[in-house]
There are 2 protein chains.
Amino acid sequence: MEPRKRPGGRSARVRDAVRQATLAELAEHGYAGLTVENVAERSGVHKTTVYRRWGGVEGLISDALELAGEEPWPIPDTGSIEGDLRGIVQLVRNGFDDPELGPVSSAFVAAAIQDPAAARALHDFFAARHEQSAEVVRRAIERGELPDVVDPSEVIRVAVAPVYYRLFVAHEPVSEHDADRAAAAALAAARAGVL
Amino acid sequence: MEPRKRPGGRSARVRDAVRQATLAELAEHGYAGLTVENVAERSGVHKTTVYRRWGGVEGLISDALELAGEEPWPIPDTGSIEGDLRGIVQLVRNGFDDPELGPVSSAFVAAAIQDPAAARALHDFFAARHEQSAEVVRRAIERGELPDVVDPSEVIRVAVAPVYYRLFVAHEPVSEHDADRAAAAALAAARAGVL
DNA sequence: CTCCAAAAACAACTCCAGTTGCGTTATGTG
DNA sequence: CACATAACGCAACTGGAGTTGTTTTTGGAG
């Protein structure tokens, strides 16, 4: 018989310790400063164990990303598509502005650009987010606020894209006003039926 | 008298050789695979020289970025804001699609996310591009195609942002249709006067 | 042409990420 | 309760990135 793992077993404890240490290290030193040795020391797990089970920093990132992708996030329901879209975009902006979550989220983006495995994990992460967020657009279509030809997830992408673009590509600051404007632009395009 | 450097001097030769080697290495191995030793060997310059003059991989990237930012790029002039915007967004898409330029451009984005100096260099690079590209919007305003309340560079940002978002954040493929749709969305928002 | 200063080359070294072989411990099963 | 096995811990090793002290070359001024 194959030995069945129990949730409280040693392996499970090691995995949780390493995951938590990875997130803590990412928050403190970012992706560039993430080393297996530091994660091993912080978690109390020997570094060879980390290397064998996770393979390296890429594995640590991918694992942490899958974990982060499992928990859903609070989609707003303000009653109007305008309020909902603004809420989503502000949620994104605040997520990176926050000194706690910001570095970790940024680290995920940085990792995915360089590592194929992390890229796949981040792709799945955003696919899930798009799917969840698209609900506000579908509701707006049902209410008759938007034409039913629009692609719900595409509206989401166009709404949040300028925030990410400023943060990770152009490296410009993102004000609340910038975020609102991005949401308004996506809404205008959706109303015009071009999305 | 201070000795004046001439363009053909040894230092200039070394600098050019290292710059060219850096671009070649970036194209082949990307940012993650960029090492000072490989650049040194490829350029025929000793690695200590590279370390002392450039400081490390970050310096190599920043230097190459400044170089790339100096050359302007071909802003379209099709006669209509619709054609111009589509042209710009397709230009961006093709730049990353191209097997020659793509890896280098991607490497710049990756480097800037992790290194502050590269981030500043990329910021300046995009500021220059926004300024140049905004010309097509200013022309459209003069022609009366767009209301004069719109922010020209913001239209550019919103137009290109979805392409970068798909490429570097969500890690989704970007079709020509996707690029056109992004341009159309920015245009619709600009016509509505929300940008 | 000569000589000086700056920059590059060279060699030897340090340090740390990552690997390997082996011993030890814990988990679930009979 | 004892045992088999998978997972972890441990120590020693490897290799390459990055550093330092010194010597050699080169460009240009007088």
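The basis for the numbers below is simple: all heavy atoms, side chains too, and nothing from hydrogens, waters or symmetry mates.
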*Is there side-chain contact between P74(B) and L91(B), with heavy atoms separated by less than 4.5 Å?*
yes
Rounded to whole Å, the CD-C1' distance (E58(B) to dA17(D)) equals 12 Å
Testing dC8(D), dG18(C), dA11(C) for proximity to the side chain of H46(B), the answer is dA11(C)
To the nearest angstrom, the CD-P distance between E37(B) and dG18(D) comes to 8 Å
Comparing nearest nucleotides in DNA chain C, the 5'-proximal residue of the pair V14(B), V57(A) is V14(B)
Against the side chain of R52(B), the closest entry in dG21(D), dA8(C), dC8(D) is dG21(D)
In whole angstroms, the gap separating P of dA17(D) from CG of L60(B) amounts to 13 Å
Which of V45(B), L23(B), V18(B) passes side-chain contact (heavy atoms from CB on, under 4.5 Å) with V39(B)? Answer is V18(B)
| message | Between the side chains of R181(A) and D178(A), is the shortest nitrogen-to-carboxylate-oxygen separation below 4.0 Å, so that they form an ion pair? | response | yes
note: K47(B), atom NZ; dC10(C), atom P; distance rounded to Å ~ 13 Å
dG9(D) OP1/OP2 closer than 4.0 Å to side-chain N/O of T48(A): no
Would you say R53(B) reaches dA7(C)'s phosphate, i.e. side-chain N/O to OP1/OP2 under 4.0 Å?
-> no
Side-chain atoms of V45(A) come closest, of dG9(D), dA17(C), dG18(D), to dG9(D)
Atom CD of E41(A) and atom P of dC16(C) are separated, to the nearest Å, by 12 Å
- Query: According to a strict under-4.0 Å criterion, is Y51(B) in side-chain N/O contact with OP1 or OP2 of dG18(D)?
  - Reply: yes
Between CZ of R13(A) and C1' of dG28(C) the distance, given in whole Å, is 14 Å
Residues R138(B), E131(B): salt bridge by 4.0 Å N-O rule
yes
Exercise for review: Could you walk me through whether T48(B) and H46(B) pass side-chain hydrogen bond (donor to acceptor under 3.5 Å, both in side chains), step by step?
Suggested key: CA-CA 6 Å; T48(B) 50; H46(B) 204 268; 3.1 Å; yes
Taken to the nearest whole Å, CZ/R15(A) to C1'/dC8(D) is 15 Å
